[in-house]
Protein chains: 2
Amino acid sequence: MRNTTNQPDGFGIAAVERDTGLPKDTLRVWERRYGFPQPLRDANGERVYPAAQVDKLRLIRRLLDQGLRPSRIVAASTEELAQLLEASPEAAPPAAPAGWDTLLAFMQRQDGAALQRALQQSLLKQGLQRFLADTLTPLTDAVGQAWLRGELSVAGEHLYTEQVHNVLRGAIASHGGHGGSPSILLTTFPNELHSLGLLMAEAMFAPEGARCTSLGTQTPLADIEHAATQGGIDVVALSFSAAYPPRQAVEGLSTLRARLPAGIALWAGGQAVREQQRKLPGIRVIADLNDGIAALAEWRAAHPA
Amino acid sequence: MRNTTNQPDGFGIAAVERDTGLPKDTLRVWERRYGFPQPLRDANGERVYPAAQVDKLRLIRRLLDQGLRPSRIVAASTEELAQLLEASPEAAPPAAPAGWDTLLAFMQRQDGAALQRALQQSLLKQGLQRFLADTLTPLTDAVGQAWLRGELSVAGEHLYTEQVHNVLRGAIASHGGHGGSPSILLTTFPNELHSLGLLMAEAMFAPEGARCTSLGTQTPLADIEHAATQGGIDVVALSFSAAYPPRQAVEGLSTLRARLPAGIALWAGGQAVREQQRKLPGIRVIADLNDGIAALAEWRAAHPA
DNA sequence: TTTTCATTTTGTCCTGGACAAAATTTGTAC
DNA sequence: GTACAAATTTTGTCCAGGACAAAATGAAAA
């Protein structure tokens, strides 16, 4: 029954876990292996992390998400880390989307209303599918980059995600038609909690006249199977973010393919599976949003009403 | 680098922690002291919890929340636990919400469209706030119960959550007014990924004329602080599901309270904090949706424009 | 070039011990 | 008996240091 919070000057290990997202076990093993962090100890021998070390841990976490390895960065000095951060923001800063500066400013100042208005405006001007392909896809990319570079806080990124949700849900609802075929079940595997890809897929399929049923994120495999066979589903569509381990994706998809009746198609989209088509026989890997439309056309050609 | 999730028959310790809100350390020490839970072991000696034990842990968790002590209940048989639960004041599960049978059928057969139509209809008939208090609250409860009893699959529950999201987001959007004051920032702590409570709170506050900014789930503490001070926020509102460890909630809230300027109010709602007001000085614990309205009124009384 | 195989890295789990905070019981004075 | 202080038990979280599978990397073969 510790109170890890308000050490006179520093944070307990539980508080650091909450703040940085790095599990306690990881914090301890890093200390053992790399010599950082090196928390003080209180009277009872428990770790007390000074604020400066917590800040550095947060920086390390950003670099980790950029693809750097712990052995290279955990032991490095704060100056080296800052240099690394400058160095390789994905080499080529890919042509900021139109109006990027304005949008970034909205996110930085936490102005959700303005952000939503701007998105809504693009949607009306372009139509749903072009909005998805030409605006949302590069924009989401740019937001991720901005976070990696430290130009945007986690809060700013969350705000963006939230507003995209609002706009897309509204668009899907207004397209209304709980129409025809195929009947598509959309979801993600457990541990994949990125819902944006899912929603974008739904927004792509729904106006094409498919009957979309989304289960949100994190449906256990057995339940996907159950829902698909129960609900008269034609296609099960899974979404994978870049952060999902590709091997787990392949393994899970193969298992699911084996358990689903052959009459139900299985589609997989997202960064983690983009290059894996050859390892996934019987599964349609969807490379991007347009390819999704193609997959839909294929299905319809193969299943004349 | 374990994959705790998809054990062919059972859950890894990390999955159980997520599902029950009981920390790993606690699960292990209970096993040592009380002989329960008693998970199987996989080839590598790691704990694999059968579904039945996870269910029992969930039951124990509920009794704990009611103030019973671990030594009385952790070692008890499932029958004893069921009796204790009957006897408890909170019992009163009955009174199935109006139209429950129909709605349950929709969920069981994965008919999202019908479910959404039914919810939408209730919303129109009752108005948003009564819909929240009189329909959605008991309904969400009933869905959870049905899942516990095995009458509803995970997929069915996900379908329900998804449709409620659709309906509420639509309702909030149509209420439009990104109006006045206070300016409320809504989110959850890391590891709390239940978004329904958050959305219900937003749906409660928005039509009352508050300016709501939701960051979705899982915002690190430091980023909540950043967003609140950056964005001209008057109130930070956190939501906690029943599965969130109460101690962590209390500790996190205390830390956040200390870090936020005194001028920014901190509100906390949800099962995990319902009984914790006395441990949370300087924080307004919100008992239910109506109490949220009350908190809003209090704030306005204290801050005349 | 791609594919396969061996090696290193890395995160999460394990055991069993410890101890402070909280809860409960016991003791004492009014 | 009731109120309050002190002693005791209960309980959750932390610690150390070891282990190992999955992932990432690098080398070799096709």
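A note on names: the letters A, B, ... follow the listed sequences, proteins ahead of strands, and every chain is numbered from 1. Model, not experiment: these values are computed from the prediction.
Taking all atoms of both residues into account, the shortest heavy-atom contact from A/Pro190 to A/Thr219 is CD-O, 3.3 Å. Of all the heavy atoms in B/Gly21 and B/Pro245, the pair that sits closest is O-CG, 3.3 Å. The shortest heavy-atom contact between B/Leu256 and B/Leu221 is CD1-CD2, 3.8 Å.
Between A/Asp19 and B/Arg259 there is a salt bridge, with a side-chain nitrogen of the basic residue lying less than 4.0 Å from a carboxylate oxygen of the acidic one.
In this structure, the nucleotide among C/dC13, D/dT11, C/dT9 sitting nearest to the side chain of A/Ser71 is C/dT9. The A/Asn44 side chain lies nearest to C/dA20 when the options are C/dA20, C/dT10, D/dT13. You'll find that the side chain of B/Arg47 is closest to C/dT15, out of C/dT15, D/dG12, C/dC13. The side chain of B/Ile13 has C/dC13 as its nearest neighbour among C/dC13, D/dC14, D/dT11.
Remark: the A/Tyr244 side chain and the A/Thr188 side chain contain no N/O donor-acceptor pair separated by less than 3.5 Å. For the residue pair A/Glu192/A/Ser241, the side-chain donor-acceptor check at 3.5 Å is satisfied.
Along DNA chain C, the nucleotide nearest to A/Pro70 and the one nearest to B/Gly45 differ in position, and the one closer to the 5' end is contacted by A/Pro70. Sequence order on DNA chain D of the closest nucleotides to B/Pro23 and A/Arg72 puts B/Pro23 first from the 5' end.
Protein atom CZ of B/Arg69 is 9 Å distant from nucleotide atom P of C/dA23, rounded to whole Å. Remark: C1' of D/dC15 and CD of A/Glu17 are 15 Å apart, rounded to the nearest angstrom. If you measure from atom CD of A/Glu46 to atom C1' of D/dG12, you get 11 Å, rounded to the nearest angstrom. The separation between A/Tyr49 atom OH and D/dC15 atom C1' is 11 Å, rounded to whole Å. What separates CG of B/Leu68 from P of D/dT10 is a distance of 16 Å, to the nearest Å. Taking atom CG of A/Asp42 as the reference point, atom C1' of C/dA21 lies 14 Å away to the nearest angstrom. As rounded to whole Å, 12 Å separates atom C1' of D/dT11 from atom CG of B/Asp25. Between the CD1 atom of A/Ile73 and the C1' atom of C/dT10 there is a distance of 12 Å, rounded to whole Å.
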Evaluate side chain to side chain contact (heavy atoms under 4.5 Å, CB included) for B/Arg41 paired with B/Glu46, printing each intermediate quantity in order.
-> CA-CA 5 Å; B/Arg41 299 296 178 126; B/Glu46 299 190 353; 6.0 Å; no
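Using a 4.0 Å cut-off on heavy atoms, none of the residues of residues 276-285 of chain A approach DNA chain D. The stretch residues 29-39 of chain A touches DNA chain C through A/Val29, A/Trp30, A/Arg33, A/Tyr34, each having a heavy atom within less than 4.0 Å of the strand.
Listed pair B/Thr26 / D/dT11 fails the phosphate criterion, with no side-chain N or O lying under 4.0 Å from OP1 or OP2. Taking 4.0 angstrom as the limit, B/Gln248 places none of its side-chain polar atoms (N or O) nearer than this to OP1 or OP2 of D/dG12. Listed pair A/Arg28 / D/dC15 meets the phosphate criterion, a side-chain N or O lying under 4.0 Å from OP1 or OP2.
A/Arg33 pairs by the side chain to side chain contact (heavy atoms under 4.5 Å, CB included) definition with A/Val29, not counting sequence neighbours.
Within a 6.0 Å sphere centred on CZ of B/Arg72, other residues, nucleotides and ligands contribute 12 heavy atoms or fewer.
Of the options A/Val16, A/Thr20, A/Val48, a side chain to side chain contact (heavy atoms under 4.5 Å, CB included) to A/Phe11 is made by A/Val16 and by none of the others.
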